[in-house]
Every structure is written in C-alpha cells, then in structure tokens.
Amino acid sequence: MVTKNYPDPKLNEKLRDRYYRRDQSNPEFTKETEKLAGSMAHMCYQCGTCTGGCPSAPRSTYRIREFMRRGVLGLEEEALTDPDLWLCTTCYSCTDRCPRDLAPTDVIMAMRNLAFRRDIIPVNFLKTVTAIYASGHGVPNNDVNRAAREKLGLTRDPPTTHMYPEYIKGIRKILDHYNLKENADRIIKEREG
Amino acid sequence: MAEAVSPTTSEKPKAPRIGVFVCHCGTNIAGSIDIDAVKEYVKTLPNVEHVNDYKYQCSMPGQSNIQEAIREKDLTGVVVAACSPRLHEPTFRAATKDGGLNPFRFEMANIREQNSWVHMHDPAGATEKAKDAIRIAVAKASLLEDLYPKSVPVEHAAMVVGAGVAGMQAALDLANSGIKTYLIEKAPSIGGRMSQLDKTFPTLDCSQCILTPKMVDVGRAENIVLMVNSEVEEVEGYIGNFDVTIRRKATGVLSPAEAEAKGIVGGGCTGCGDCDPICPVTKPNEFEMGMAPRKAIYIYHPQVVPLLYTIDWDSCVKCGLCVEACGDKKAIDLEMQDELVKVKVGTVILATGFEVFPIETKEEWGYKRYDNVITSLEFERLICASGPTGGHLVRPSDGETPMRVAFVLCAGSRDSTGVGKPYCSRFCCMYSLKHAHQIIEKIPGVMPYIFYMDIRSFGKAYEEFYYRIQDEGAKFIRGRVSNIQEDPVTKNLRVYAEDTLLGRPMELEVDMVVLAAAVQPTELTNKTRKLFGVSCSTDGWLLEAHPKLNPCGTTTAGVFVAGACQSPKDIPDSVASAEGAASAASIPIHRGEVELEPYYAMCVEEKCAGCGLCVNLCPYSALALIEKDGKTVMQVTEAKCKGCGTCGGFCPGGAIWMNHFATPQIVAQIDAFLLGGEQ
C-alpha cells in the first residue's frame, strides 16, 4: 500500500490508497471459510437478497453481501478486521432466501471463528463467555424476570442450571476443553487491564 | 459360441486383419493418455495388422491414413480410438467405405468422453483403460461383417404438436412446401402464449395484430389439417412411417363441415354467440388468466381460430338452453364423445411450449396472498386493450390505477434452492422493460421500479430498447427483492431489497408488484415426449440432438423440436427455431425415402422352434410367427425392428441373430476384457 505521508493525519486517511490488489486476496481464506461454514461462499452472485431482508442492515453499516464478496475474493484482512462482522443477529433470514442456496449466516459464523483465532473479538462477546461459565446462561435470570415468571405461574427460576446449579460444572468442562474461558479472561485483561 | 456362423454370410470369412488408429484429439486425449504406450501395446494384440496415431483422425489427412491403410494392408476391419461414436462414427464409417470396406466393418473405441476427460488427473489409469477399450474394440472388429442399410419410403405428411407461434410457423412452412401437415393443439384455439400478449419487444408491435394473420393463414391453408381440443394418445412406427393416434376431445359443438357430414344442411357452429348469454354457468376464463368470466359454452376471445364454441364439461349442467338458442343450426350435441383418429406421418415436430412456474411457492413475494402482487402474464392481460379491463392497468384490490409499480425480475429464475428454476428464463428482462414503457405511456406520472440482478438484453435492437426505457424514466435498482409485505389497510406493498450499487438496504412502498415469474415446460410435455421417445434435460425441457450443430433434431430419427419446449425462447427465436425444424422435418419427406441402420434382428430358421416367446416381448411389434416350408418360424419386419436385442437375449434356442451386436461379437468383447486378449 502506498502512503502519501501528509502532515495532517485526517487528510492522510482521506487520501490514502484505496486500490485493492491481488496480494490482498488469500485463496486459502476462501477455502477455510467454506470448510468451516459448510457453504460454497465462492458461488455468491451478489444479488443483495441477504442484505435486503437483514434486520441488522437498516440499523447499522453491516452488509452481509459485502462479507460474502470478501469471501469470494479472499479479502481476509478486510473481512476479519471489520467490526461489522459482529453485528449479525444470526436470524438466518438470508439463509432462508438466498437464491444460490448458500448459508450467509454460517459464512459469518465461520469468519468469526477465524477472527477469534487471531484474538479479534469484541469484549462483550467475551463477557458472554464469562457469564455462561459463571451461571450456565449468556443472559442470566434477574429479579425483573423472576417477578414476571411468578406472575405467569412459573417457577422463579427456569429448570436449567439456575434451578440445578450442580450441572454448571459440566458446562465449564466443555468450555475448558476449548480453553474458552482462559482465552476470554486473557483477552479481557489485555484490553481492560 | 465364437464359431457360430451368421446367416448373412454364405462364404467362409477370411482371417481378420485389423487396423487401429489412435487419435490425439490435440491434447484432449494425448494430454492424459500415453499414446506411444498404447500403440506399443496394441501391436501385441491378435489380428492387428496396422497401428497408427494422428493428431486429429477426423481431419482429411487422418481419414486418408485410414483409407490408404485399408488398401495397402488389405484390412478387414477398422478401429478408431478417439471420441464418442455420437460425434464421429459417421465420419469414420464414410472413410472406411472410401477405403473399399463395408462401412459396418468399423468399430470405435471411446477414449475421450469416457476416459481422458474424466480421468485427466490419473494418466497411468487412463492409459491402461485406453488399452482395455482398444483391445475390446479389436475383438469385436475381428468378427464384424458386411451389412447393408435398407431404405424405407417416407409418408408424404408431417405432424406438428402444439399450435403456438412456433407450431403455427412450422406447420405453415411444411404446408407451403407441399406437405400435408396435421397441426395438433390441446386448447380450443391456436395462437398459444403469444396471443395472450399485448405488445411485443423491442418493436412494440401489437402481438395480436401480427399473430392473427398467421392464425388465419393456418385456418385457411389447404395442406394443414387443424385439430384443436386434441392430444396425442399413442405413437407407433419410426421415421417415415409414424402411426399417431390423436384423441379429439368432445367439444359438444359441430363445425359446419361436421354438421354437413351428419346431414344437417347449412348447420354447424358459425360462432354467432347466441348460446353464450343464455348459458347459466359462469367460470373464470383461463385465457384472461382467470380475471374475466366465461360461460360453460365459450370461446377464449373473438379472434379465435377456428371460430367454434366449446363446452367445458367440468362445469356444464346439461340444461339444454344452448341447444334451444342454437336452433336450426343444430350445432350443439350434449352427448358428443371423444374420438380417436389415426394418422400416418413421415416426420413430427414437437412445439409444446411453456407455462408460468407456480410463483406462489416462493412465499416471500406473497403471490396469491397479497391482492396487488400479480404475474407478468396477468399484467399482459390487464394492459391489453382487448383484456378484461379494456387496457386499464388497475389494482386487483380496489380497481385504482397504480402510480408506483415494482417489477421483480428473476422471480424464481436463476434459483438453485430447489423451489425455483436454476436457469435464466431469457425473456423476462425484455418484457419487463416493455411493461415499464407501457405504463409510462398509459399512466401520466407513474413510476416503474425495475429490480434486477443483470439486464440481459442480448438480441437485435434489445440493448437499444433498454437505453430507451431508461431514458423514458424507469428506475433501475440493482438488487433482488428479498421480501414483500402488504399494508393490511391500504393493500399497498412494501418491497425490501438492497440497492447493491449504493450498498444500502431499501424499503419501497408501491401500489402494485409485477413478478416476472420463471417459466417451465407445459404440463403435457413430459407425456408427449415419452410417446415420441424424446429425452429431456433435468429441468424437463426437450433435449435436442446437439445443442449447437443439431438444435432442432432429437435422438429419435424423424422427430424434431421447435420453440420454447426446448428451452425458454422469445418470439424471434421461437419462429427461427420453428423454421429450422420445418426445414429439417421436410428433408426426409422430400427425399421420399430414408436409410435405416441395418441393426435389425434375424431369425436363424434351422434353430427356431417357433415357440413365439419373442413375439410378445418385442416392444416394437416387429416380430411375428409364420409358416415356412411346413415349419413355424419367427419373422422380423426389419423396418420396425430397432435392434434393441430384447428378443435375441431371451431366445431359448439361440435362434435370433442381432446384426452388428451378435452374440459371438459380444462374447468376444467380454472375453477380450476378462482374459486380457488371450482367446
């Protein structure tokens, strides 16, 4: 990449080289993504059906079609370092409607996995890991919910690890097998001190 | 078995001397098969007198090599190891004949389609397989015999199935070249899909205005026997002599000619329409896509050919009011029965057309759930001056004129999900451009939005038409529609898509959505093609003999395809293919006779016990038992026999000799494969 070295960093950013060149394309990234996703991402023909029905797209800069395009071209850095990668709600509308019968949601999940291998992950996702490790729930029960459940004639806590905390250790075993908690703690510490 | 002597030869055959010619096909074969290794191996095979290789055996020098070798080495058989016999068997047979041998002393070893192309990553395996294939071919070639094709006369008549624009054009061409042509149509009128269209792209001719003269020509042509309300019921025979049974459905109405034949002078249906107002049963008119009513006794529209009313038996209550209204013309017969008509024709053209794919199966667009989502064919009827609204485009929900109309292209086309169709339906881009033009012309202030993935404007003056419509103000949005939602109060529609060129999702509220739905072969296509022994592709479109070099022929000799039954075609392409098919179908008829491949079965009478088991097995009714010299033996009608081998494989006495696929020849091939050439 050619840098112009203007004295003003804002101007430097505005006028930076924006060509993409062949050396940015990593065919292995396409293959790896497809292997993890179980979907032929390279067959995307960019019709935009995915983004057109995406609940995240009208509220953010997240464009699933652009991630598919990066998958087609193997633009690894661009895909993995884009913070939008984490804005998919995994509703699977795009997968339901894709005319090429691809699974864009699974492609996003694959890219997230590849990003995590390089410690690229927002801290809030890691805090979910911590929450699951502690309680067995990504979103643990709280007093508001407990009151609502009681009103509906349900038990205050659902019949999960909340009611049977003795099973939390099983969940921890699974997370520990993948060193998930360990990595989450390490990355959170690096980011937040 | 190998010593069995064929009934075709009386003299003792001379010792086999086989020439083997290995083709490189450029790098198609030589790229993965070791030609030199194959050659060295072939030299060791029994009966091989000559081995040669060449870059392109099908070229003139390649063929000359074969001819010279036959003469110089006094060969008795020729083996070419090259491509599929479907491509070049005729070429090499001709070369064999020019070299002075009977052309049926040629055998082909396919080392390209079934070898080098599929094993290109395994050169060693491919080379071994080529050796096997050639060894087997040499074994057969050593036992091949002289055969002589028979000629059969061709009936001076043709049949065209389907009377849309393609079928009509084909029938007119055949009739004008002096051939009696039976034109079979399942609907009550000829004209097909084209007669439902309003205007045609890119010239904007009125579809009916350019089609009705042709319809009238068809109705008047002396050489055309028009059969509407008719379907093909049964087909027997072969090129030159097809016996086709047609089911003429009971229409309940006599034509003037039919009435006269029954002795009703001056009677029969004149299309006066007196029966129509009095009929108490009302049904949706399928010609108007169900958007206008018709009676149980009806015509599609005033310009139908032939102008004869038809009774819809599913809705007729047989009240008899129409019979009274018809009066002295006595055209209506409520007890009419279907009639089976047998005709003999030399060649057949299938032109069974297309229909719209059931687009409601793509649920995200809401067709049949939302009132104001319509298909393009419904749009055609609504915008057509002779249509149910007199050419005023209105919203089905409230009859209001839509001011914002979205056109959804590739609706169900280019779809690999298994719900839609994987192919491009080919004419939707162009007719949607035309639709945009039509509303701009008719509704001041209207805004058409065209949602597209690619605009495919490939034909003559098509791209210029695209330019024109963009200039007229249509808005093109490059994005496929993800889903559509209906406002339950206003019945307006919210269209969701991404403008992929802006990279922004969009929500567009419109008054009407037109789905450019994918097309598929008509319902009866599959049944009809099976009757004629024609193959189809995975999508059901009829399969041509060769997509580039024989686009109108099929793998059944004497049967041809025209128009959109082969693949989606617009009007110019349909008419062009119809003229091609008519030309191809007229050739055997004008020649007056065709040569049949001499692959028929023969009875070895000394061995035949006259048991007759083969007679019932034959799928082509080609066999019969006869008395000969005081003995019951089987006899083959050679022109009917397709050489399938069913009888030969079954005969308990080994009394049936299959020419060119005789038991000793096949056993030799199996031996050559299993024993590696040792006999």
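The figures that follow rest on heavy atoms only: side chains count, while hydrogens, waters and symmetry mates do not. Convention: sequence-line order gives letters A, B, ...; per-chain numbering from 1.
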Examine whether an atom of A:Cys54 lies under 4.5 Å from a heavy atom of chain B, and if so say whether it belongs to the side chain, the backbone or both; otherwise answer neither. neither
Counting only N and O atoms by type, is there a donor-acceptor contact under 3.5 Å from the side chain of B:Glu378 to the main-chain atoms of B:Thr375? yes
Is a donor on one side and an acceptor on the other found under 3.5 Å between the side chain of B:Asp511 and the backbone of B:Arg395? no
Holding to ring-ring contact (aromatic ring centres under 6.0 Å, His included), I want the full list of residues that pass it with B:Tyr370, two or more places apart in sequence or in another chain. none
Parallel under 30°, tilted from 30 to 60°, perpendicular over 60°: which one fits the rings of B:Phe201 and B:Tyr462? perpendicular
Donor-acceptor pair, side chain of B:Ser376 and main chain of B:Leu515, under 3.5 angstrom: yes
Report yes or no: does B:Asn372 contribute a side-chain atom to a donor-acceptor pair with the main-chain N or O of B:Leu493 at less than 3.5 Å? no
Counting distance alone, with no hydrogens or angles, which donor-acceptor pairs between chain B and chain A are under 3.5 Å?
unit_1: B:Arg414; atom_1: O; unit_2: A:Tyr45; atom_2: OH; d: 2.7
unit_1: B:Ser416; atom_1: N; unit_2: A:Pro99; atom_2: O; d: 2.6
unit_1: B:Arg478; atom_1: NH1; unit_2: A:Gln46; atom_2: O; d: 2.3
unit_1: B:Arg478; atom_1: NH2; unit_2: A:Gln46; atom_2: O; d: 3.3
unit_1: B:Arg480; atom_1: N; unit_2: A:Cys47; atom_2: O; d: 2.8
unit_1: B:Arg480; atom_1: NH1; unit_2: A:Thr49; atom_2: OG1; d: 2.8
unit_1: B:Ser482; atom_1: OG; unit_2: A:Thr49; atom_2: O; d: 3.0
unit_1: B:Ser482; atom_1: OG; unit_2: A:Gly53; atom_2: N; d: 3.1
unit_1: B:Ser482; atom_1: OG; unit_2: A:Arg97; atom_2: NH1; d: 3.3
unit_1: B:Glu498; atom_1: OE1; unit_2: A:Thr51; atom_2: OG1; d: 3.1
unit_1: B:Glu498; atom_1: OE1; unit_2: A:Arg65; atom_2: NE; d: 2.7
unit_1: B:Glu498; atom_1: OE2; unit_2: A:Arg65; atom_2: NE; d: 3.2
unit_1: B:Glu498; atom_1: OE2; unit_2: A:Arg65; atom_2: NH2; d: 2.8
unit_1: B:Thr500; atom_1: O; unit_2: A:Arg65; atom_2: NH2; d: 3.3
unit_1: B:Gly503; atom_1: O; unit_2: A:Arg63; atom_2: NE; d: 2.6

